[in-house]
Amino acid sequence: MPDLITFISAALIAAGAVFFIAGTVGLLRFPDTYCRLHALTKADGLGLALIALGIALTASSFGEVFRIALIWFFVAVASATGGHLIATHARRVDRAEGKEGS
Amino acid sequence: MTIYLYAIATLLLLSILAGLIRVLRGPRPAERMMAAQLFGTAAVAILLILSRIMDSPALLDVAVVFALLAAVTLVAFVVLASRKVS
Amino acid sequence: MRKTAEQTAEQTPGHDAPRPVRATQMVLRDTPLPPGARWRRFAVKLVALALIWGVLTEFRLDALYFGVPAILLGAALVFVMPVAPGWRISPAGAVNFALWFAVQSVRGAVDVAQRAFSPAMPLRPGFRSYAPDLPGGAPRVMFLNTITLLPGTLSAEVAGDEVIVHMLDTRADLEADLGALEARIAALFGLNVKSRGST
(Lines give C-alpha, C1' and ligand atoms only; values in the text may rest on other atoms or scores of the structure.)
Protein backbone atom coordinates (compact mmCIF):
# COMPACT_ATOMS: atom_id res chain seq x y z
CA MET A 1 0.00 0.00 0.00
CA PRO A 2 2.73 2.54 0.83
CA ASP A 3 4.31 1.54 -2.50
CA LEU A 4 1.12 2.40 -4.32
CA ILE A 5 0.98 5.82 -2.66
CA THR A 6 4.62 6.46 -3.51
CA PHE A 7 3.89 5.51 -7.09
CA ILE A 8 0.87 7.80 -7.36
CA SER A 9 2.83 10.59 -5.76
CA ALA A 10 5.68 10.12 -8.23
CA ALA A 11 3.25 10.10 -11.16
CA LEU A 12 1.55 13.31 -9.97
CA ILE A 13 4.89 15.05 -9.56
CA ALA A 14 5.99 13.97 -13.04
CA ALA A 15 2.71 15.20 -14.53
CA GLY A 16 3.23 18.50 -12.73
CA ALA A 17 6.68 18.84 -14.28
CA VAL A 18 5.19 18.19 -17.74
CA PHE A 19 2.78 21.11 -17.24
CA PHE A 20 5.64 23.36 -16.11
CA ILE A 21 7.47 22.47 -19.31
CA ALA A 22 4.31 23.15 -21.32
CA GLY A 23 4.08 26.55 -19.67
CA THR A 24 7.65 27.38 -20.58
CA VAL A 25 7.21 26.13 -24.15
CA GLY A 26 4.12 28.31 -24.47
CA LEU A 27 6.03 31.24 -23.01
CA LEU A 28 8.68 30.82 -25.69
CA ARG A 29 6.49 29.92 -28.66
CA PHE A 30 3.28 31.93 -28.33
CA PRO A 31 3.16 35.03 -30.53
CA ASP A 32 2.13 37.79 -28.12
CA THR A 33 2.13 38.86 -24.49
CA TYR A 34 -1.47 37.87 -23.82
CA CYS A 35 -1.19 34.34 -25.23
CA ARG A 36 1.97 33.84 -23.19
CA LEU A 37 0.06 34.85 -20.08
CA HIS A 38 -2.43 32.05 -20.76
CA ALA A 39 0.41 29.55 -20.82
CA LEU A 40 1.96 30.95 -17.68
CA THR A 41 -1.14 31.18 -15.50
CA LYS A 42 -2.92 28.00 -16.52
CA ALA A 43 -0.16 25.47 -17.23
CA ASP A 44 2.16 26.49 -14.40
CA GLY A 45 -0.77 26.76 -12.02
CA LEU A 46 -1.84 23.18 -12.66
CA GLY A 47 1.80 22.07 -12.61
CA LEU A 48 2.20 23.43 -9.11
CA ALA A 49 -1.15 21.97 -8.02
CA LEU A 50 -0.13 18.47 -9.18
CA ILE A 51 3.30 18.68 -7.53
CA ALA A 52 1.71 19.97 -4.31
CA LEU A 53 -0.77 17.09 -4.39
CA GLY A 54 2.03 14.59 -4.97
CA ILE A 55 4.06 15.96 -2.06
CA ALA A 56 1.01 16.18 0.21
CA LEU A 57 0.24 12.47 -0.37
CA THR A 58 3.47 11.49 1.35
CA ALA A 59 3.32 14.16 4.07
CA SER A 60 3.86 12.96 7.63
CA SER A 61 1.47 15.24 9.52
CA PHE A 62 -1.71 17.25 9.09
CA GLY A 63 0.27 20.44 9.67
CA GLU A 64 2.33 19.71 6.58
CA VAL A 65 -0.71 19.06 4.43
CA PHE A 66 -2.27 22.29 5.65
CA ARG A 67 0.88 24.23 4.83
CA ILE A 68 1.06 22.72 1.34
CA ALA A 69 -2.61 23.58 0.74
CA LEU A 70 -1.97 27.13 1.95
CA ILE A 71 1.01 27.45 -0.40
CA TRP A 72 -1.06 26.25 -3.34
CA PHE A 73 -3.86 28.65 -2.47
CA PHE A 74 -1.55 31.67 -2.20
CA VAL A 75 0.15 30.90 -5.48
CA ALA A 76 -3.12 30.21 -7.30
CA VAL A 77 -4.68 33.50 -6.20
CA ALA A 78 -1.45 35.41 -6.83
CA SER A 79 -1.02 33.95 -10.29
CA ALA A 80 -4.60 34.69 -11.41
CA THR A 81 -4.39 38.23 -10.00
CA GLY A 82 -0.89 38.69 -11.38
CA GLY A 83 -1.97 37.54 -14.83
CA HIS A 84 -4.78 40.10 -14.78
CA LEU A 85 -2.44 42.89 -13.64
CA ILE A 86 0.17 42.10 -16.28
CA ALA A 87 -2.48 41.99 -19.02
CA THR A 88 -3.94 45.33 -17.87
CA HIS A 89 -0.46 46.82 -17.87
CA ALA A 90 0.29 45.44 -21.35
CA ARG A 91 -2.95 46.91 -22.70
CA ARG A 92 -2.12 50.28 -21.23
CA VAL A 93 1.30 50.15 -22.89
CA ASP A 94 -0.39 49.15 -26.17
CA ARG A 95 -2.67 52.15 -25.96
CA ALA A 96 0.18 54.49 -25.06
CA GLU A 97 2.00 53.26 -28.14
CA GLY A 98 -1.09 53.87 -30.26
CA LYS A 99 -1.86 50.21 -30.90
CA GLU A 100 -5.36 49.01 -30.17
CA GLY A 101 -4.93 45.44 -29.03
CA SER A 102 -8.25 44.06 -30.18
CA MET B 1 12.73 8.14 -5.23
CA THR B 2 15.34 10.69 -4.15
CA ILE B 3 17.20 10.60 -7.45
CA TYR B 4 13.89 10.81 -9.26
CA LEU B 5 12.93 13.91 -7.28
CA TYR B 6 16.32 15.47 -7.94
CA ALA B 7 15.75 14.92 -11.66
CA ILE B 8 12.35 16.64 -11.49
CA ALA B 9 13.77 19.56 -9.51
CA THR B 10 16.54 19.94 -12.12
CA LEU B 11 13.92 19.89 -14.86
CA LEU B 12 12.01 22.70 -13.15
CA LEU B 13 15.22 24.67 -12.77
CA LEU B 14 15.89 24.25 -16.49
CA SER B 15 12.39 25.50 -17.26
CA ILE B 16 13.13 28.66 -15.25
CA LEU B 17 16.33 29.12 -17.27
CA ALA B 18 14.40 28.68 -20.51
CA GLY B 19 11.97 31.29 -19.26
CA LEU B 20 14.93 33.65 -18.96
CA ILE B 21 15.36 33.40 -22.73
CA ARG B 22 11.92 34.95 -23.05
CA VAL B 23 13.04 37.85 -20.87
CA LEU B 24 16.10 38.38 -23.04
CA ARG B 25 14.09 38.21 -26.27
CA GLY B 26 10.90 39.97 -25.16
CA PRO B 27 11.80 43.63 -24.89
CA ARG B 28 8.61 44.72 -23.13
CA PRO B 29 8.36 45.01 -19.36
CA ALA B 30 5.36 42.66 -19.42
CA GLU B 31 7.69 39.80 -20.36
CA ARG B 32 9.93 40.56 -17.43
CA MET B 33 6.93 40.54 -15.09
CA MET B 34 5.94 37.17 -16.48
CA ALA B 35 9.42 35.89 -15.74
CA ALA B 36 9.01 37.09 -12.15
CA GLN B 37 5.76 35.17 -11.95
CA LEU B 38 7.33 32.05 -13.48
CA PHE B 39 10.19 32.27 -10.98
CA GLY B 40 7.78 32.51 -8.09
CA THR B 41 5.68 29.52 -9.11
CA ALA B 42 8.60 27.29 -10.10
CA ALA B 43 10.64 28.24 -7.02
CA VAL B 44 7.75 27.20 -4.80
CA ALA B 45 7.45 23.89 -6.67
CA ILE B 46 11.19 23.26 -6.32
CA LEU B 47 11.04 24.06 -2.59
CA LEU B 48 8.17 21.60 -2.14
CA ILE B 49 10.23 18.88 -3.82
CA LEU B 50 13.36 19.77 -1.85
CA SER B 51 11.41 19.57 1.41
CA ARG B 52 10.57 15.98 0.50
CA ILE B 53 14.12 15.11 -0.65
CA MET B 54 15.72 16.50 2.49
CA ASP B 55 12.82 15.47 4.68
CA SER B 56 12.80 18.92 6.25
CA PRO B 57 9.39 20.50 6.86
CA ALA B 58 11.15 23.82 7.55
CA LEU B 59 11.53 24.21 3.80
CA LEU B 60 7.75 24.28 3.60
CA ASP B 61 7.83 27.43 5.74
CA VAL B 62 10.31 28.89 3.27
CA ALA B 63 7.87 28.01 0.49
CA VAL B 64 5.02 29.77 2.33
CA VAL B 65 7.13 32.93 2.59
CA PHE B 66 8.13 32.61 -1.06
CA ALA B 67 4.53 32.24 -2.17
CA LEU B 68 3.52 35.36 -0.24
CA LEU B 69 6.51 37.42 -1.34
CA ALA B 70 6.07 36.45 -4.99
CA ALA B 71 2.57 37.93 -4.94
CA VAL B 72 3.72 41.18 -3.33
CA THR B 73 6.71 41.45 -5.67
CA LEU B 74 4.55 41.06 -8.73
CA VAL B 75 2.03 43.68 -7.62
CA ALA B 76 4.85 46.13 -6.80
CA PHE B 77 6.50 45.41 -10.15
CA VAL B 78 3.31 46.13 -12.11
CA VAL B 79 2.41 49.24 -10.10
CA LEU B 80 5.89 50.75 -10.53
CA ALA B 81 5.99 49.97 -14.24
CA SER B 82 2.48 51.39 -14.72
CA ARG B 83 3.52 54.71 -13.20
CA LYS B 84 6.04 55.17 -15.98
CA VAL B 85 3.40 54.57 -18.66
CA SER B 86 0.74 57.03 -17.56
CA MET C 1 -18.50 49.02 -30.43
CA ARG C 2 -16.61 48.08 -27.34
CA LYS C 3 -13.72 50.14 -28.62
CA THR C 4 -15.72 53.35 -28.58
CA ALA C 5 -17.15 52.68 -25.18
CA GLU C 6 -13.69 52.08 -23.84
CA GLN C 7 -12.29 55.24 -25.41
CA THR C 8 -14.96 57.44 -23.92
CA ALA C 9 -14.26 55.85 -20.59
CA GLU C 10 -10.58 56.60 -21.01
CA GLN C 11 -10.65 60.07 -22.45
CA THR C 12 -13.72 62.02 -21.43
CA PRO C 13 -14.39 61.60 -17.75
CA GLY C 14 -17.34 63.99 -17.85
CA HIS C 15 -20.57 63.80 -15.93
CA ASP C 16 -22.56 61.59 -18.23
CA ALA C 17 -19.73 59.58 -19.74
CA PRO C 18 -18.65 56.53 -17.74
CA ARG C 19 -15.80 57.52 -15.50
CA PRO C 20 -12.63 55.46 -15.64
CA VAL C 21 -12.97 52.90 -12.91
CA ARG C 22 -10.11 50.93 -11.51
CA ALA C 23 -10.55 47.35 -10.47
CA THR C 24 -10.03 48.22 -6.82
CA GLN C 25 -12.76 50.85 -6.92
CA MET C 26 -15.15 48.57 -8.69
CA VAL C 27 -14.72 45.79 -6.21
CA LEU C 28 -14.27 47.70 -2.96
CA ARG C 29 -17.29 49.89 -2.56
CA ASP C 30 -17.28 51.48 0.87
CA THR C 31 -20.77 50.64 2.01
CA PRO C 32 -22.11 52.08 5.29
CA LEU C 33 -22.06 49.43 7.98
CA PRO C 34 -24.00 49.02 11.21
CA PRO C 35 -21.85 50.16 14.18
CA GLY C 36 -20.92 46.72 15.46
CA ALA C 37 -20.06 45.32 12.06
CA ARG C 38 -16.38 46.22 12.08
CA TRP C 39 -15.92 44.73 15.53
CA ARG C 40 -17.69 41.57 14.44
CA ARG C 41 -15.42 41.29 11.42
CA PHE C 42 -12.45 41.94 13.67
CA ALA C 43 -13.50 39.03 15.87
CA VAL C 44 -14.00 36.71 12.90
CA LYS C 45 -10.58 37.62 11.50
CA LEU C 46 -9.00 37.17 14.92
CA VAL C 47 -10.31 33.63 15.27
CA ALA C 48 -9.41 32.69 11.69
CA LEU C 49 -5.86 34.06 11.94
CA ALA C 50 -5.31 32.44 15.33
CA LEU C 51 -6.37 29.08 13.91
CA ILE C 52 -4.08 29.43 10.89
CA TRP C 53 -1.19 30.46 13.13
CA GLY C 54 -1.86 27.55 15.40
CA VAL C 55 -1.81 24.98 12.64
CA LEU C 56 1.27 26.55 11.02
CA THR C 57 3.26 26.42 14.25
CA GLU C 58 1.77 23.11 15.37
CA PHE C 59 0.33 24.88 18.44
CA ARG C 60 3.71 25.55 20.01
CA LEU C 61 3.38 27.98 22.91
CA ASP C 62 6.72 29.76 22.40
CA ALA C 63 5.62 30.71 18.88
CA LEU C 64 2.98 32.94 20.46
CA TYR C 65 5.61 35.62 21.22
CA PHE C 66 5.43 36.46 17.53
CA GLY C 67 1.99 35.07 16.99
CA VAL C 68 -0.09 37.25 19.33
CA PRO C 69 1.17 40.62 17.96
CA ALA C 70 0.97 39.35 14.38
CA ILE C 71 -2.59 38.06 14.79
CA LEU C 72 -3.74 41.28 16.53
CA LEU C 73 -2.15 43.50 13.88
CA GLY C 74 -3.54 41.40 11.06
CA ALA C 75 -7.06 41.45 12.45
CA ALA C 76 -6.80 45.19 13.24
CA LEU C 77 -6.43 45.85 9.50
CA VAL C 78 -10.25 45.74 9.26
CA PHE C 79 -10.26 49.19 10.90
CA VAL C 80 -7.89 50.66 8.30
CA MET C 81 -8.93 49.02 5.05
CA PRO C 82 -12.01 50.02 3.05
CA VAL C 83 -14.88 47.70 3.80
CA ALA C 84 -16.10 45.46 1.03
CA PRO C 85 -19.73 44.41 1.04
CA GLY C 86 -20.30 41.40 3.23
CA TRP C 87 -20.73 37.95 1.75
CA ARG C 88 -21.47 34.43 2.82
CA ILE C 89 -20.79 31.11 1.19
CA SER C 90 -23.32 28.39 0.56
CA PRO C 91 -21.79 25.04 1.57
CA ALA C 92 -23.45 23.05 -1.21
CA GLY C 93 -22.49 25.68 -3.76
CA ALA C 94 -18.92 25.60 -2.48
CA VAL C 95 -18.57 21.84 -2.93
CA ASN C 96 -20.07 22.02 -6.41
CA PHE C 97 -17.87 24.95 -7.30
CA ALA C 98 -14.67 23.29 -6.03
CA LEU C 99 -15.29 20.13 -8.09
CA TRP C 100 -16.25 22.08 -11.19
CA PHE C 101 -13.28 24.40 -10.72
CA ALA C 102 -10.85 21.46 -10.44
CA VAL C 103 -12.15 19.96 -13.69
CA GLN C 104 -12.12 23.30 -15.51
CA SER C 105 -8.61 24.25 -14.45
CA VAL C 106 -7.32 20.86 -15.62
CA ARG C 107 -9.15 21.37 -18.92
CA GLY C 108 -7.71 24.87 -19.22
CA ALA C 109 -4.15 23.73 -18.60
CA VAL C 110 -4.43 20.70 -20.91
CA ASP C 111 -5.87 22.94 -23.63
CA VAL C 112 -3.06 25.48 -23.40
CA ALA C 113 -0.42 22.73 -23.15
CA GLN C 114 -1.75 21.09 -26.30
CA ARG C 115 -1.59 24.37 -28.16
CA ALA C 116 1.95 24.98 -26.92
CA PHE C 117 3.24 21.54 -27.94
CA SER C 118 1.34 21.33 -31.23
CA PRO C 119 3.63 22.11 -34.21
CA ALA C 120 0.84 24.05 -35.93
CA MET C 121 0.07 26.04 -32.74
CA PRO C 122 -3.66 26.59 -33.31
CA LEU C 123 -4.31 30.09 -31.98
CA ARG C 124 -6.82 32.70 -33.00
CA PRO C 125 -6.32 35.22 -30.24
CA GLY C 126 -8.36 38.35 -29.67
CA PHE C 127 -10.26 40.43 -27.15
CA ARG C 128 -13.94 40.31 -26.29
CA SER C 129 -15.88 42.18 -23.65
CA TYR C 130 -18.40 40.83 -21.21
CA ALA C 131 -20.67 42.63 -18.75
CA PRO C 132 -21.18 40.48 -15.64
CA ASP C 133 -24.37 40.71 -13.59
CA LEU C 134 -22.61 39.72 -10.37
CA PRO C 135 -22.50 42.32 -7.59
CA GLY C 136 -19.20 44.00 -6.68
CA GLY C 137 -16.94 42.75 -3.94
CA ALA C 138 -15.97 39.15 -3.36
CA PRO C 139 -18.20 37.62 -6.09
CA ARG C 140 -16.66 39.83 -8.78
CA VAL C 141 -13.12 39.27 -7.61
CA MET C 142 -13.83 35.56 -7.69
CA PHE C 143 -15.29 35.94 -11.18
CA LEU C 144 -12.28 37.86 -12.53
CA ASN C 145 -9.79 35.41 -11.07
CA THR C 146 -11.63 32.31 -12.20
CA ILE C 147 -11.94 33.55 -15.81
CA THR C 148 -8.16 33.32 -16.06
CA LEU C 149 -8.16 29.65 -15.07
CA LEU C 150 -10.94 28.60 -17.46
CA PRO C 151 -9.94 27.08 -20.82
CA GLY C 152 -8.86 29.71 -23.32
CA THR C 153 -9.89 32.87 -21.44
CA LEU C 154 -7.92 35.48 -19.50
CA SER C 155 -9.38 38.49 -17.72
CA ALA C 156 -7.28 41.26 -19.21
CA GLU C 157 -8.84 44.49 -18.02
CA VAL C 158 -11.74 46.01 -16.17
CA ALA C 159 -13.34 48.90 -18.06
CA GLY C 160 -16.31 50.43 -16.28
CA ASP C 161 -18.74 47.60 -15.68
CA GLU C 162 -17.24 45.39 -18.37
CA VAL C 163 -14.50 42.84 -18.31
CA ILE C 164 -12.19 42.72 -21.31
CA VAL C 165 -11.38 39.07 -21.85
CA HIS C 166 -8.50 37.81 -23.94
CA MET C 167 -9.29 34.56 -25.75
CA LEU C 168 -6.90 32.06 -27.28
CA ASP C 169 -9.55 31.19 -29.83
CA THR C 170 -12.18 33.84 -30.47
CA ARG C 171 -14.48 31.29 -32.09
CA ALA C 172 -15.29 29.80 -28.68
CA ASP C 173 -18.64 30.73 -27.14
CA LEU C 174 -17.61 33.29 -24.54
CA GLU C 175 -21.15 34.29 -23.50
CA ALA C 176 -22.07 30.69 -22.72
CA ASP C 177 -18.84 29.94 -20.81
CA LEU C 178 -18.88 33.08 -18.70
CA GLY C 179 -22.64 32.87 -18.18
CA ALA C 180 -22.13 29.38 -16.73
CA LEU C 181 -19.30 30.69 -14.56
CA GLU C 182 -21.50 33.52 -13.27
CA ALA C 183 -24.26 31.07 -12.38
CA ARG C 184 -21.75 28.91 -10.47
CA ILE C 185 -20.35 31.86 -8.55
CA ALA C 186 -23.86 33.09 -7.76
CA ALA C 187 -24.60 29.62 -6.36
CA LEU C 188 -21.32 29.64 -4.43
CA PHE C 189 -22.27 32.89 -2.66
CA GLY C 190 -25.93 31.92 -2.36
CA LEU C 191 -26.95 34.85 -4.58
CA ASN C 192 -29.99 35.17 -6.75
CA VAL C 193 -28.61 36.67 -9.95
CA LYS C 194 -30.60 36.64 -13.13
CA SER C 195 -28.85 34.42 -15.59
CA ARG C 196 -27.87 35.59 -19.04
CA GLY C 197 -30.56 33.53 -20.70
CA SER C 198 -33.45 35.01 -18.71
CA THR C 199 -32.63 38.69 -19.30
Report the distance from atom [atom1] of [X] to atom [atom2] of [Y], rounding to the nearest 0.5 Å.
| X | Y | atom1 | atom2 | value |
| --- | --- | --- | --- | --- |
| B:Leu38 | A:Ser79 | CG | OG | 11.0 Å |
| B:Leu47 | A:Ile51 | CG | CD1 | 11.5 Å |
| A:Ile71 | B:Ser51 | CD1 | OG | 8.0 Å |
| A:Phe20 | B:Ile16 | CZ | CD1 | 8.0 Å |
| A:Leu48 | B:Ile46 | CG | CD1 | 11.0 Å |
| A:Arg67 | B:Leu59 | CZ | CG | 11.0 Å |

So what's closer than 4.5 Å to chain B heavy atoms on [X]: side chain, backbone, both or neither?
| X | value |
| --- | --- |
| A:Leu40 | side chain |
| A:Ala59 | both |
| A:Thr88 | neither |

Name the region of [X], side chain, backbone, both or neither, that has any atom closer than 4.5 Å to a heavy atom of chain A.
| X | answer |
| --- | --- |
| B:Leu11 | side chain |
| B:Leu60 | both |
| B:Ile49 | both |
| B:Ala45 | both |
| B:Leu12 | side chain |

Heavy-atom pair with the smallest gap, counting every atom of [X] and [Y]:
| X | Y | result |
| --- | --- | --- |
| A:Ile86 | B:Met34 | CD1-N, 4.0 Å |
| A:Val75 | B:Thr41 | CG1-CG2, 4.0 Å |
| A:Ala78 | B:Gln37 | O-NE2, 4.3 Å |
| B:Tyr4 | A:Ala11 | OH-N, 4.4 Å |
| B:Gly19 | A:Thr24 | N-CG2, 3.9 Å |
| B:Ala67 | A:Phe74 | CB-CB, 4.0 Å |

More than 12 non-hydrogen atoms from neighbouring residues, nucleotides or ligands closer than 6.0 Å to CD1 on B:Ile3, yes or no? no

If you count heavy atoms of other groups shown closer than 6.0 angstrom to CZ of B:Phe66, is the number above 12? no

Pick from A:Val25, A:Val77, A:Thr58: which one has the most heavy-atom pairs with chain B under 4.5 Å? A:Thr58

When heavy-atom pairs shorter than 4.5 Å are enumerated against chain B, which of A:Asp44, A:Leu28, A:Thr41 gives the highest number? A:Leu28

Just give me the residue among B:Val72, B:Leu5, B:Val64 that pairs up with chain A most often, heavy atom to heavy atom, under 4.5 Å. B:Val64

Step by step, work out the side-chain contact (heavy atoms from CB on, under 4.5 Å) result for A:Leu85 and B:Leu74. CA-CA 9 Å; A:Leu85 286 175; B:Leu74 194 70; 5.9 Å; no

